[in-house]
Amino acid sequence: MIVILKKNAEPQQVELFTNWLHNMGLETHMSVGENHTIVGLVGDTSRVDIESILALDIVEMVRRIQEPYKNANRKFHEEDTVITLCSGAKIGGGHFLVMAGPCSVETEEQIISVAQSVKAAGAQALRGGAFKPRTSPYAFQGLHEEGIRLLLEAKKVTGLPIVTEIMDAQHLPLFEDIDVIQVGARNMQNFELLKQLGKLHKPVLLKRGLCNTLQELLMSAEYIMAGGNSQVILCERGIRTFETATRNTMDLSVIPVLHQLSHLPVVVDPSHATGRYELVPPMALGAAACGADGLMIEVHNDPEHALCDGPQSLRPEKFADMMEKVRAIRPYADRSFTTSQDAGSSL
Ligand code: PEP
Ligand code: MN
């Protein structure tokens with residue numbers, strides 16, 4: 001349920017109102033926007049009498065929210081969420097951020113060389129896997145602690161914030177200095193892991209599962225947000241369909257749909273979505289034009305010898321070329337779909 005307050009609502013009366021709700025066992029989330037102040041109610045709202053709320057002087061409108069996700073819902077929080085990384089780089093609300101780097105951290109030379117080239121091309125965060133979710137137990141599983149250490153070394157050299165995947169909540173102490181914790185597609189519904197990430201105060205990049213709906217993705221974001229961590233970045237990385245020409249199927253319409261449903265930033269990963277390096281630049285451009293808030297791109301200095309995902313990794317020169325085109329297309333990105341055509345109302 002959301003309660004929209006009148007513009008001139010007295011702060012004292014607002015406090016009395018929210019205290020009254022807390023006494024009923026409800027949590028409240030205030031979102032002060034340009035046009036409205038919205039009080040979002042989380043908990044069992046079935047006993048809340050809408051008429052008695054409407055009777056209050058400070059209240060303009062009350063609405064029940066049908067969707068099961070509340071904190072992640074745009075109805076709770078009209079304006080885009082903007083997340084700021086340690087470097088000052090931002091994502092969301094018109095800020096575009098590219099995270100790039102190898103699928104896996106392999107050696108110090110590799111990660112530092114890739115970090116330097118993606119930074120020079122305009123990436124604002126370095127990605128790299130230290131814990132790898134591989135289909136085969138015989139495939140390279142990542143360098144684990146050593147991989148994290150090398151990522152932090154690359155951060156020291158370049159200043160780029162680090163994005164890396166966690167697979168087990170027990171590894172959290174190793175992630176203390178990591179800037180953005182990635183939850184991979186295979187762990188999107190690892191609810192115990194999501195709950196642990198909800199206790200942190202750092203951004204989480206949540207990838208859509210291979211066979212999950214957008215509502216399920218938003219419910220997973222809700223798990224993190226319900227714990228108090230509102231810094232969630234949604235990531236579309238393609239889903240499994242009957243098509244075999246590409247590794248997964250990338251549906252660009254999820255970008256405007258997610259932006260309508262949620263205020264959280266939306267990133268697109270065309271590397272895992274297509275599985276083929278030559279398809280990455282066109283799909284990245286498509287995502288930028290559709291209003292994505294950022295991209296996650298796999299880049300490797302020697303893709304032929306990469307220990308993981310070489311066929312979908314761009315060489316640094318190709319990445320730099322793609323970045324130039326992305327910059328050129330960004331001013332044309334269409335975000336008009338986030339507002340309703342009905343005059344005067346964006347709710
Ligand atoms: C990755 O980013 O390297 C990765 C394993 O991605 P996903 O979880 O989307 O497969
Ligand atoms: Mn990969």
Any donor-acceptor pair under 3.5 Å linking the side chain of [X] with the backbone of [Y]?
| X | Y | answer |
| --- | --- | --- |
| Thr84 | Lys90 | no |
| Lys318 | Pro281 | no |
| Asn71 | Glu222 | no |
| Lys202 | Ile181 | no |
| Ser262 | Ala72 | yes |
| Arg64 | Thr45 | yes |
| Thr28 | Val39 | no |

Requested in this report: Please check if Val32 and Leu41 belong to a single hydrophobic cluster, counting links between Ile, Leu, Val, Met, Phe, Trp and Tyr side chain heavy atoms closer than 4.5 Å.
Outcome: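 No, no single cluster joins them.
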**Report entry** ILVMFWY network linking Leu5 to Met1, side-chain heavy atoms under 4.5 angstrom
**Finding:**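 Linked, Leu5 and Met1 end up in one cluster.
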**Report entry** Side chains of Met99 and Val180 in contact at under 4.5 Å (non-hydrogen atoms)
**Finding:**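 They are not in contact (no side-chain heavy atoms under 4.5 Å apart), so the answer is no.
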Query raised in the report: Is the shortest heavy-atom distance from the side chain of Leu150 to the side chain of Ile112 under 4.5 Å?
Result: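 A side-chain contact is absent here, since even the closest heavy-atom pair is not under 4.5 Å.
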Nearest 0.5 Å, please: how far is [atom2] in [Y] from [atom1] in [X]?
| X | Y | atom1 | atom2 | answer |
| --- | --- | --- | --- | --- |
| Glu236 | Ile255 | CD | CD1 | 8.0 Å |
| Glu216 | Thr213 | CD | OG1 | 3.5 Å |
| Leu200 | Glu176 | CG | CD | 9.5 Å |
| Leu97 | Ile83 | CG | CD1 | 10.0 Å |
| Ser104 | Asp309 | OG | CG | 7.0 Å |
| Met24 | Asp49 | CE | CG | 8.5 Å |

Query raised in the report: Does atom CZ of Phe76 have more than 12 heavy-atom neighbours from other groups under 6.0 Å away?
Result: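 For Phe76, atom CZ is crowded (more than 12 foreign heavy atoms under 6.0 Å).
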Report task. Determine whether more than 12 heavy atoms belonging to other residues, nucleotides or ligands lie under 6.0 Å from atom CD of Gln12. Result ->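 No, CD of Gln12 has 12 or fewer neighbouring heavy atoms, counting only those of other groups under 6.0 Å.
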Query - For Asn229, all residues meeting side-chain hydrogen bond (donor to acceptor under 3.5 Å, both in side chains), sequence neighbours excluded - result: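 Asn229 satisfies side-chain hydrogen bond (donor to acceptor under 3.5 Å, both in side chains) with no residue once adjacent residues are dropped.
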Using a strict threshold of under 4.0 Å (side-chain N to carboxylate O), is an ion pair present between [Y] and [X]?
| X | Y | answer |
| --- | --- | --- |
| Glu298 | Arg127 | yes |
| Lys207 | Glu165 | no |
| Glu324 | Arg327 | no |

Query raised in the report: Given the rule in the side chain to side chain contact (heavy atoms under 4.5 Å, CB included) test, do Phe242 and Thr249 qualify, once you have shown the distances and angles that lead to the verdict?
Result: CA-CA 9 Å; Phe242 53 80; Thr249 295; over 6 Å; no
**Report entry** Residues Glu106 and His300: side-chain donor-acceptor under 3.5 angstrom
**Finding:**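 The criterion, which ignores hydrogens and geometry beyond distance, is satisfied for His300 and Glu106.
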Query - Partners passing salt bridge (Lys or Arg N to Asp or Glu O under 4.0 Å) against Lys6 (at least two apart in sequence or in another chain) - result: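 None.
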Report task. Could you give me the CA-CA distance, side-chain angles and deciding distance for Leu261 and Leu218, then say whether side chain to side chain contact (heavy atoms under 4.5 Å, CB included) is met? Result -> CA-CA 9 Å; Leu261 299 175; Leu218 290 169; 3.9 Å; yes
Query raised in the report: Are His171 and Ile148 close enough, and set up right, to give a side chain to side chain contact (heavy atoms under 4.5 Å, CB included), and what steps lead you there?
Result: CA-CA 11 Å; His171 296 150; Ile148 302 269; over 6 Å; no
Report task. Please report the C-alpha distance between His259 and Asp293 in whole Å, then the side-chain angles of each, then the deciding distance to 0.1 Å, and finally whether the side chain to side chain contact (heavy atoms under 4.5 Å, CB included) criterion is met. Result -> CA-CA 10 Å; His259 278 141; Asp293 299 292; 2.7 Å; yes
Query raised in the report: Could you go step by step and tell me if His272 and Gln312 meet the side-chain hydrogen bond (donor to acceptor under 3.5 Å, both in side chains) rule?
Result: CA-CA 7 Å; His272 291 89; Gln312 67 191 35; 3.2 Å; yes
Query raised in the report: Would Lys155 and Asp177 count as a salt bridge (charged side-chain N to carboxylate O under 4.0 Å, His left out) if you check the C-alpha gap in whole Å, the side-chain angles of each, and the deciding distance to 0.1 Å?
Result: CA-CA 10 Å; Lys155 178 178 176 178; Asp177 298 324; over 6 Å; no
Report task. State which residues pass side-chain contact (heavy atoms from CB on, under 4.5 Å) with Glu304; sequence neighbours excluded, sorted by chain then number. Result ->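 Glu304 satisfies side-chain contact (heavy atoms from CB on, under 4.5 Å) with Asp302, Arg315 once adjacent residues are dropped.
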